[in-house]
Colleague: 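Before I ask anything, here is the structure I am working with.
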Amino acid sequence: MFREELKVLDCTIRDGGLMNKWQFSKDFVKGVYKSCVEAGVDYMEIGYISSEDQFPRDVYGPWKFCAEDELREIVGDNNTNTKLSVMADIGRVKFDDIRPKSESVIDMFRVACYDYQIDKAIELAHHVIDKGYEATINLMAVSKVTDRKLDEVLDDVAKSRVGTFYLVDSFGSLYSEDIHTLMDKYKAALPGKTIGFHGHNNQQLAFANTIECIIKGANMLDATMLGIGRGAGNCPMELLISFLKNPKYKLKPILRVIQEQVKPLQKEIDWGYFMPYMITGSQNDHPRSAMAWMDSEQKDDYVAYYESVMAGKEV
């Protein structure tokens, strides 16, 4: 499986933070960072860049904001081979909040957007490129995008200076044939650009779909420790590293941080394959209602949740 251009990105803190409002301790984040460095993971996404006037600090943890001084408490000057990434949502960060690369330990911004926001996403991506950073665009909820609109998005991205574009299975609803169709479309429309993949595990397919994307030529792969992430979570890092069988990646540091820090977190947070998340994935729905159900006293009443979902679809 060795392919020199293939890169692995850990988004444990960023995506996992969607389950606890980014209230990870510094020791936890340091543990994940150390494991990524020792394991040879290419990028670690340490959180979001967000404007503090939109998200109160007494509700959201520091990894929702990624202030420079707090990042340096974790990584110092980051004199390692693991680059640092952050995500920026359209409308939730101000251009002036982003300092020049020469003043930051951040290496890459991933701009997350929906199809109707692609113009703003390209504008923000160009802004961070001009400030010296790497940039990707992550088109969310592609399973809801029409073919015509997706063609328009890809045409805009092809004309941009953005070098990496992500196929994102936001709802964990895609099957292998969907992956093949979309990867073929992305590659045909974006010659010379890198394609990335970010999968969710609602139907136990995040790892399998990551493999399919590798086969089809994706060279940026997202994963998280023990699959932690929003709702059903993501492709497990330990599975991906084991599969790649690339000597540059080491499994033992990943197993250590899972054993010592990530696994114990399951006593506080329910992520991973649960029936409500499976139901939203099979219906190509956003998992927000499943997450609310999992926080209720009815969390194990799968039939009632299914009936509530399907009642909303009745004509």
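Heavy atoms only: backbone and side chains are in, while hydrogens, waters and symmetry mates are out. Keep in mind it's a predicted model, so treat the numbers as computed, not measured. Start at 1 with the first residue, then count along the sequence.
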Colleague: Should Glu123 and Lys120 count as an ion pair when the cut-off is N to O under 4.0 Å?
Modeller: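 Here Glu123 does not pair with Lys120 in a salt bridge, since their nearest N and O are not under 4.0 Å apart.
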Colleague: Under a 4.5 Å side-chain heavy-atom rule over Ile, Leu, Val, Met, Phe, Trp and Tyr, are Phe24 and Met87 clustered together?
Modeller: yes
Colleague: Mind checking whether Tyr277 and Phe274 have parallel, tilted or perpendicular rings, split at 30° and 60°?
Modeller: perpendicular
Colleague: Is a side-chain donor-acceptor pair under 3.5 Å present for Asp107 with Tyr43?
Modeller: no
Colleague: Would you give the length of the straight line joining atom NZ of Lys101 to atom CZ of Phe109, rounded to the nearest 0.5 angstrom?
Modeller: 10.0 Å
Colleague: More than 12 heavy atoms of other residues, nucleotides or ligands under 6.0 Å from CZ of Phe55: yes or no?
Modeller: yes
Colleague: So, do Asp169 and Asp178 sit near enough that their side-chain heavy atoms are less than 4.5 Å apart?
Modeller: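 With C-beta onward as the side chain, the pair stays apart.
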Colleague: Using the rule that two of Ile, Leu, Val, Met, Phe, Trp, Tyr join whenever any of their side-chain heavy atoms come within less than 4.5 Å, decide whether Met225 and Met220 are in one cluster.
Modeller: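 No, separate clusters.
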Colleague: Quick check for you: to the nearest 0.5 Å, what is the distance between Leu251 atom CG and Ile258 atom CD1?
Modeller: 8.0 Å
Colleague: Take Tyr166 and His198 through the ring pair (Phe, Tyr, Trp, His ring centres under 6.0 Å) test and state the conclusion after the steps.
Modeller: CA-CA 7 Å; Tyr166 260 80; His198 178 91; 7.2 Å; no
Colleague: How long is the span from the CD1 atom in Ile122 to the CG atom in Asp156, to the nearest 0.5 Å?
Modeller: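 Between Ile122 CD1 and Asp156 CG, I get 5.0 Å after rounding to 0.5 Å.
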Colleague: Could you tell me whether Lys248 and Asp42 have a side-chain N and a carboxylate O separated by less than 4.0 Å?
Modeller: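 Asp42 and Lys248: salt-bridged.
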Colleague: Within 45 degrees of the ring normal and closer than 6.0 Å to the centroid, is that where the cationic atom of Arg92 sits relative to Tyr48?
Modeller: no
Colleague: So, are Arg57 and Glu70 salt-bridged, with charged N and O less than 4.0 Å apart?
Modeller: yes
Colleague: With hydrophobic residues grouped by side-chain heavy-atom distances under 4.5 Å, do Leu18 and Met294 end up in a single group?
Modeller: yes
Colleague: Would you please test Asp15 and Thr224 for side chain to side chain donor-acceptor pair (under 3.5 Å) and show each step?
Modeller: CA-CA 8 Å; Asp15 210 313; Thr224 62; over 6 Å; no
Colleague: Would you call Lys159-Asp155 a salt bridge at under 4.0 Å N-O?
Modeller: yes
Colleague: Tell me whether the centres of the aromatic rings in Phe171 and His286 are closer together than 6.0 Å.
Modeller: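 They qualify: ring centres under 6.0 Å apart.
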Colleague: For Ala158 and Ala189, which heavy atoms make the closest approach, and how far apart are they?
Modeller: CB-O, 3.4 Å
Colleague: Between Asp10, Val86, Ile106, which is the residue that forms a side chain to side chain contact (heavy atoms under 4.5 Å, CB included) with Ile46?
Modeller: Val86
Colleague: Taking the six-membered ring of Phe165 as reference, does the NZ or CZ atom of Lys193 fall below 6.0 Å from its centre and within a 45° cone about the axis?
Modeller: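 Here Lys193 fails the 6.0 Å and 45° test against Phe165.
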Colleague: Any chance you could measure Glu38, atom CD, to Lys250, atom NZ, to the nearest 0.5 Å?
Modeller: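 Answer rounded to 0.5 Å: 11.5 Å.
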Colleague: Evaluate the criterion side chain to side chain donor-acceptor pair (under 3.5 Å) for residue pair Ser51 and Asp97; output intermediate values, then yes/no.
Modeller: CA-CA 7 Å; Ser51 295; Asp97 291 337; 2.8 Å; yes
Colleague: Treating Asn234 as the side-chain partner and His200 as the backbone partner, does any N or O pair qualify as donor plus acceptor under 3.5 Å?
Modeller: no
Colleague: Identify the heavy atoms of Ser176 and Glu212 that sit nearest to each other, and give their distance.
Modeller: CB-CG, 4.1 Å
Colleague: Can you name the closest pair of heavy atoms from Ile74 and Val29 and give their distance?
Modeller: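 Distance-wise, the nearest heavy atoms are CG2-CG1, 3.9 Å.
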Colleague: So, for Gln54 and Gly91, which heavy atoms are closest and what is the spacing to 0.1 Å?
Modeller: NE2-O, 3.0 Å
Colleague: Determine, stepwise, if the pair Asp222 / Arg14 fulfils salt bridge (charged side-chain N to carboxylate O under 4.0 Å, His left out).
Modeller: CA-CA 11 Å; Asp222 285 14; Arg14 199 276 306 167; 5.1 Å; no
Colleague: Tell me the closest heavy-atom pair linking Ala223 and Leu240, and the distance in Å.
Modeller: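 Heavy-atom minimum between the residues: CB-CD2, 3.9 Å.
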Colleague: Once rounded to the nearest 0.5 Å, what's the spacing between atom CG of Leu6 and atom CG of Leu244?
Modeller: 6.0 Å
Colleague: List in chain and number order the residues that pass ring-ring contact (aromatic ring centres under 6.0 Å, His included) with Phe65, two or more places apart in sequence or in another chain; answer none if no residue qualifies.
Modeller: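 Not a single residue meets the ring-ring contact (aromatic ring centres under 6.0 Å, His included) criterion with Phe65.
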Colleague: Is it true that a side-chain atom of Trp293 and a backbone atom of Ala304 form a donor plus acceptor pair closer than 3.5 Å?
Modeller: no
Colleague: If you measure from SG on Cys213 to CD1 on Ile195, what distance do you get to the nearest 0.5 Å?
Modeller: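 Answer for the SG-CD1 pair, Cys213 versus Ile195, is 9.5 Å.
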Colleague: Could you tell me whether a side-chain N or O of Glu68 sits under 3.5 Å from a main-chain N or O of Val105, the two making a donor and an acceptor?
Modeller: yes
Colleague: What closest approach, in Å, do Met237 and Ile254 show between heavy atoms, and which atom pair accounts for it?
Modeller: CG-CD1, 3.6 Å
Colleague: If you count heavy atoms of other groups shown closer than 6.0 angstrom to CD of Glu4, is the number above 12?
Modeller: no
Colleague: Can you tell me if His126 uses its side chain to pair, donor with acceptor, with the backbone of Arg161 under 3.5 Å?
Modeller: yes
